[in-house]
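To keep things clear, I will list the structure first and then write my remarks on it.
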2 protein chains.
Amino acid sequence: MKQPKVTVVDVARAAGVSKSTVSLVLQGSSLVNETTRARVGAVIRELGYVYNRGAANLRQSKSKIVGIVVNDLTNSFFAELAVGMDMVVQSAGYIQFMANTSENADRQGEVIASMREHGMAGLILSPARGTTAADLKPLVDSGIPVVLVARNVPGLKVSSVVSDGHAGAMSAVRHLIELGHRRIAFLGGFNDTAVFDERMRGFRDALVEAGLDASDELVISSAPSRAGGVAAVERMLAMRDRPTAALCFNDAVAFGACDGLRSARIEPGVDFGVIGFDDVIEAKTAVPALTTVSVDPQGMGRRAAQLLLKQINAGDFDAEAMVAAVRLVVRESCGAPQRVKELTA
Amino acid sequence: MKQPKVTVVDVARAAGVSKSTVSLVLQGSSLVNETTRARVGAVIRELGYVYNRGAANLRQSKSKIVGIVVNDLTNSFFAELAVGMDMVVQSAGYIQFMANTSENADRQGEVIASMREHGMAGLILSPARGTTAADLKPLVDSGIPVVLVARNVPGLKVSSVVSDGHAGAMSAVRHLIELGHRRIAFLGGFNDTAVFDERMRGFRDALVEAGLDASDELVISSAPSRAGGVAAVERMLAMRDRPTAALCFNDAVAFGACDGLRSARIEPGVDFGVIGFDDVIEAKTAVPALTTVSVDPQGMGRRAAQLLLKQINAGDFDAEAMVAAVRLVVRESCGAPQRVKELTA
DNA sequence: CTCGTAATTTAGATCGTTCCAAATTTCAAG
DNA sequence: CTTGAAATTTGGAACGATCTAAATTACGAG
């Protein structure tokens with residue numbers, strides 16, 4: 001039941017005007033007479049005309065399409081990020097190519113190439129693990145605005161929106177120290193990523209600041225997932241001098257850590273302090289509710305999208321690095337104040 | 001640093017051939033001589049030529065773009081669904097417009113219209129609540145393949161991939177009956193949705209089959225969320241003749257139900273049987289681990305995408321309704337077998 | 001009426017590709 | 001050498017919009 005598609009020419013013929021006039025009506029130009037506009041409008045509706053944006057883009061050589069490439073949509077942090085971008089992109093009248101890379105840099109390269117062929121106006125990328133500056137260089141050099149989000153790629157002159165991992169980690173560790181903890185671990189995350197490095201340095205700096213042990217053995221890296229959290233906690237429990245609390249690389253790791261603690265009959269939030277990072281949706285409703293460093297992923301997504309749109313509209317732009325503020329949200333997983341008293345007593 | 005873009009004509013000139021030949025090379029035609037192909041290929045790489053798929057689409061009036069519209073990406077069920085679709089769409093060399101509607105039917109209408117203008121070849125839609133057949137009628141009539149996923153829209157002749165809510169609910173209820181429960185409730189979900197209706201009928205049919213009470217008061221609808229679960233369980237506990245177990249509309253409701261039971265000092269999985277629906281990631285690790293009807297969202301997404309691609313490739317197609325099999329995953333929230341003995345003793 | 005200016009409308013080129021039909025080259029057989 | 005079929009290559013017209021510059025129409029003033 002394929003309808004023969006109707007074009008501006010068909011509309012023009014039916015309305016008794018030229019295609020130029022129809023085009024003018026389409027873009028809401030004030031040059032066209034009110035009665036003509038009405039007539040053309042009526043014909044458009046009657047014929048069920050569908051605007052062919054591709055043809056328009058070809059002529060104008062610009063599009064209202066942005067690319068959004070995310071490394072892991074099943075992780076609710078990145079899903080939230082995507083939703084935030086989606087909001088502002090849609091509201092600005094743009095539409096997005098969105099793709100998930102599953103942390104696969106090759107696949108990432110393919111989808112970015114494809115998006116380029118389709119004429120995207122700009123790209124927001126949460127880079128897959130292992131993305132190099134060289135991977136992105138050609139795209140960036142072509143003059144298409146690119147905004148990196150959540151993760152950075154060292155050695156690339158490009159805009160980015162990331163959270164302040166260092167400050168977040170410091171405030172989390174300071175909180176644990178105030179609660180009386182003296183031996184604190186850092187759990188999870190791949191140690192070859194910039195994000196890991198930043199959070200881990202925040203962790204270290206806070207320990208050093210308080211004159212506490214900050215030796216390497218306290219940093220236990222693993223996959224940044226729930227399973228990785230379980231694994232990391234197991235290794236931690238095997239230590240001679242066991243920590244009494246831990247800062248986790250992200251919330252997923254923190255949940256995994258809680259699972260791991262429970263199966264060792266250690267109750268998180270009571271016998272052991274756990275702090276996460278990201279503040280995903282589930283953090284609030286988990287049991288125990290997770291104390292975590294909130295980075296407002298949706299807000300970051302919005303920020304990134306706004307930055308990208310700004311750069312698209314400004315013909316000319318400079319790379320701009322935004323660091324999103326974070327704040328510690330204290331819930332129950334690191335011990336309530338009254339319990340702390342017992343702990344320190 | 002905007003590069004002047006190179007086109008087939010530029011490549012042709014540089015390689016000393018005609019643009020037709022370049023085009024042939026681009027589409028890997030066997031008509032072109034091997035040495036010419038190599039020369040053109042070299043020039044393409046050297047000049048950094050980027051294929052303009054928009055122009056090609058215009059000429060051929062077909063595209064390799066599909067639309068994916070999801071009602072709530074922050075819900076991990078739908079995120080998994082999206083990832084499943086993404087996989088097969090990408091592998092087939094297609095690229096996707098993806099948009100989130102946040103259950104807003106108006107926004108959904110806008111993005112679908114926009115995707116249409118951009119010339120998508122087909123659409124996979126997980127419709128927002130309140131989507132009517134009339135909303136989708138024009139699109140479907142235009143001959144563009146549409147596949148509905150996860151939710152159906154009554155009165156629309158269009159393909160769909162949904163889970164077998166009826167069978168899933170029946171098997172869940174049968175399981176509860178085997179465990180010795182004789183009075184079972186159905187909790188949560190909006191009673192004006194097709195999904196609710198289907199699951200609820202499965203619930204009823206299983207009760208009737210066993211000769212048990214299936215009266216209306218046992219069906220307590222509410223928002224399909226954690227909060228809705230709490231509310232529903234409260235209403236249930238106020239009944240004269242209290243049920244001893246419940247099938248919940250989805251896992252979120254089930255988690256809420258557990259919360260509600262606990263605050264009434266009833267331990268889910270011990271004093272009361274709870275079964276969920278969907279098998280979201282958290283179901284496995286919750287305490288108690290949730291017995292639930294697993295629907296493999298990622299698999300459903302893949303299935304839907306395959307169906308869509310099939311319809312795109314077949315010029316002509318019929319609406320096809322797929323029902324994804326489900327299976328009951330028994331964990332701990334409905335009482336382990338040994339506990340059942342005590343219960344029935 | 002005629003003119004000039006403002007208000008509308010329009011023809012035709014153009015964007016970067018594909019496709020058709022025709023032109024050109026290649027080459028083995030006669 | 002021809003010659004004809006096979007192998008390659010190519011010019012020019014699409015595709016459906018926009019844009020420029022020019023044509024046409026409208027209309028109040030002289």
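Protein chains get the first letters and strands the later ones, always in sequence-line order, with residue 1 at the start of each.
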Donor-acceptor pairs under 3.5 Å, side chain of residues 302-310 of chain A to any protein atom, not counting sequence neighbours: which ones?
unit_1: A:K310; atom_1: NZ; unit_2: A:E320; atom_2: OE1; d: 3.1
unit_1: A:K310; atom_1: NZ; unit_2: A:E320; atom_2: OE2; d: 3.3

message = Within the 4.5 Å heavy-atom criterion, are A:R53 and A:I65 side-chain neighbours or not?
response =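 No - every pair of side-chain heavy atoms lies 4.5 Å or more apart.
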Rounded distance (Å) that lies between atom [atom2] of [N] and atom [atom1] of [X]:
X     : N      : atom1 : atom2 : answer
A:L31 : D:dA26 : CG    : P     : 17 Å
A:E34 : D:dA26 : CD    : P     : 17 Å
B:N57 : D:dA17 : CG    : P     : 14 Å
A:R37 : C:dT8  : CZ    : P     : 10 Å
B:K62 : D:dC15 : NZ    : C1'   : 14 Å

remark   = Per-nucleotide protein contact along nucleotides 16-26 of chain C, 5' to 3', at a 4.0 Å heavy-atom cut-off (B base, S sugar-phosphate only, - neither), is BBBB-------
task = Ignoring backbone atoms, establish whether B:T21 has a side-chain N or O less than 4.0 Å from OP1 or OP2 of D:dT9.
result = no
Worked check of side chain to side chain contact (heavy atoms under 4.5 Å, CB included) between B:V40 and B:L24 = CA-CA 10 Å; B:V40 171; B:L24 255 12; over 6 Å; no
Under 3.5 Å, which donor-acceptor pairs link side chains of residues 130-139 of chain B to any protein atom two or more places apart or in another chain?
unit_1: B:T131; atom_1: OG1; unit_2: B:Q108; atom_2: NE2; d: 3.0
unit_1: B:T131; atom_1: OG1; unit_2: B:A128; atom_2: N; d: 3.3
unit_1: B:T131; atom_1: OG1; unit_2: B:A128; atom_2: O; d: 2.5
unit_1: B:T132; atom_1: OG1; unit_2: B:A134; atom_2: N; d: 3.4
unit_1: B:T132; atom_1: OG1; unit_2: B:D135; atom_2: N; d: 3.2
unit_1: B:T132; atom_1: OG1; unit_2: B:D135; atom_2: OD1; d: 3.3
unit_1: B:T132; atom_1: OG1; unit_2: B:D135; atom_2: OD2; d: 3.3
unit_1: B:D135; atom_1: OD2; unit_2: B:T132; atom_2: N; d: 2.9
unit_1: B:K137; atom_1: NZ; unit_2: B:D141; atom_2: OD2; d: 2.8

key: No-hydrogen, no-angle side-chain donor-acceptor test under 3.5 Å, B:Q27 and B:S23   =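 B:Q27 vs B:S23: donor-acceptor pair found between side chains.
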request  = Take A:Y94 and A:I312, measure what side chain to side chain contact (heavy atoms under 4.5 Å, CB included) needs, and give me the verdict at the end.
outcome  = CA-CA 11 Å; A:Y94 279 70; A:I312 289 175; 3.5 Å; yes
